Amino acid sequence: MTWQVDILTLFPEMFPGFLEFSLSGKALNRGEWSFCTHALRNFGLGNHKAVDDTPFGGGAGMVIRPDVLSFALEATQPKDNRPMVYLSPKGKLLTQASIQHYASGPGVYLICGRYEGIDDRVLRHYPIEEVSIGDYILSGGEPAALIFMDACIRLLPGVMGSLQSGVEESFSKGLLEYPHYTKPAVWEGKHVPDILKSGNHQAIALWREKQAQLITQERRPDLWERVANVNK
Ligand code: SAM
């Protein structure tokens with residue numbers, strides 16, 4: 001089954017962007033995922049196809065009009081049960097667990113904001129989930145949509161070479177991943193840890209688990225605390 005993404009955007013030409021390369025590009029060619037862009041501008045008002053207006057209450061910037069967005073949503077929203085997601089810095093923070101949730105469904109309908117964002121009433125009128133990709137402000141929802149898609153696509157069946165890599169990598173078990181090494185065994189006077197050359201798979205697994213714990217404790221005490229609470 002194809003994982004289907006619809007994207008409502010003022011810049012359809014930004015898609016598929018970097019997703020046409022590497023693993024995601026090959027998966028796109030194999031039909032493991034597909035996408036369809038909808039140009040918000042086509043639903044704009046008047047000769048200039050205006051999609052935005054000044055904010056009530058004053059202040060800088062423009063806001064995407066609810067009527068324009070609604071025309072677009074009514075004409076293009078999915079008829080199946082795919083979730084509608086508005087990429088927004090005010091949304092729920094995207095995590096590997098939520099990515100797994102979206103990737104395991106039939107796909108998504110993504111709404112990309114611009115300017116100061118969209119009129120808030122639309123978010124209460126439609127069953128839209130607000131999702132943030134991090135605590136920083138982008139100039140538009142398109143890069144966030146591409147990141148969201150990339151993280152989902154690599155989890156689709158058949159996309160990654162080794163399924164194990166998806167299980168072991170950072171965040172999948174709540175921890176950051178252990179460090180990786182490859183040839184040469186000595187580089188710039190620095191040695192690969194002996195255990196990794198021992199051939200003892202059980203000892204290697206234990207070492208990696210310990211390293212993952214140490215790195216998480218040191219770099220992400222917030223994640224470590226969450227893991228500790230789950231295991232209580
Ligand atoms: N005025 C908004 C605020 O302070 O919350 C920021 C608007 S931003 C300049 C324009 C658009 O970029 C947003 O509507 C959203 O679609 C997207 N965007 C910006 N930062 C984002 C983030 N961290 N995660 C997801 N989308 C983001």
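Keep in mind the model is a prediction, meaning the values are calculated, not measured. Start at 1 with the first residue, then count along the sequence. In each ligand, atom 1 is the first atom listed, and ligand 1 is the first ligand listed.
Nearest to atom 20 (N) of ligand 1 among the protein's heavy atoms is Leu138 N, 3.0 Å. Annotation: atom 2 (C) of ligand 1 to nearest protein heavy atom, Glu116 O, 3.5 Å. Protein heavy atom closest to atom 4 (O) of ligand 1, with residue, atom name and distance, is Ile137 CD1, 4.0 Å. In terms of protein heavy-atom proximity, atom 13 (C) of ligand 1 is nearest to Tyr86 OH, 3.9 Å. Scanning the protein heavy atoms around atom 21 (C) of ligand 1, the nearest turns out to be Pro89 CD, 3.6 Å.
An N or O contact shorter than 3.5 Å links Leu87 to ligand 1 by distance. For ligand 1, none of its N or O atoms has an N or O atom of Lys90 under 3.5 Å away. Between Ile118 and ligand 1, no pair of N/O atoms sits closer than 3.5 Å. Checking only distances, Ser139 never comes within under 3.5 Å of ligand 1, N or O to N or O. Backbone and side-chain nitrogen or oxygen atoms of Tyr115 are examined, and none is located within less than 3.5 angstrom of a nitrogen or oxygen of ligand 1.
The pair Asp150-Arg154 does not meet the salt-bridge criterion, since no charged nitrogen lies less than 4.0 angstrom from a carboxylate oxygen. A salt bridge links Glu32 with Arg30: the closest approach of a Lys/Arg side-chain nitrogen to an acidic carboxylate oxygen falls below 4.0 angstrom. Salt bridge status for Glu142 with Arg114: present, with a side-chain N to carboxylate O gap under 4.0 Å.
Screening residues 84-105 for salt bridge (charged side-chain N to carboxylate O under 4.0 Å, His left out), with sequence neighbours left out, gives no hits.
Judged by distance alone, with hydrogens and angles left aside, the side-chain atoms of Trp3 form a donor-acceptor pair with the main-chain N or O of Tyr102 at under 3.5 Å. Between the side chain of Ser34 and the backbone N or O of Gly31, no donor-acceptor pair lies under 3.5 Å. With hydrogens and angles disregarded, no donor-acceptor distance shorter than 3.5 Å links the side chain of Ser98 to the backbone of Leu94.
Of all heavy-atom pairs spanning Ala212 and Leu175, the tightest one is CB-CD1, 4.1 Å.
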Verify side-chain hydrogen bond (donor to acceptor under 3.5 Å, both in side chains) between Tyr178 and Gln213, making sure each step is shown before the conclusion.
-> CA-CA 8 Å; Tyr178 51 80; Gln213 290 174 4; over 6 Å; no

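For ligand 1 and Ser88, the ligand atoms under 4.0 Å from any heavy atom of the residue are 24 (N), 25 (C), 26 (N). Counting the atoms of ligand 1 from 1 in the order shown, those under 4.0 Å from a heavy atom of Gly117 are 14 (O). Near Gly113, meaning under 4.0 Å from one of its heavy atoms, ligand 1 places the atoms 11 (C), 14 (O), 16 (O). Shown in contact with Ile133 at under 4.0 Å from a heavy atom are these atoms of ligand 1, numbered in order with element: 24 (N), 25 (C).
Considering Leu123, Val131, Leu110 as possible partners of Tyr86, the one that fulfils the side-chain contact (heavy atoms from CB on, under 4.5 Å) test is Leu123.
Heavy atoms of Ala144 found under 4.0 angstrom from ligand 1 belong exclusively to the side chain.
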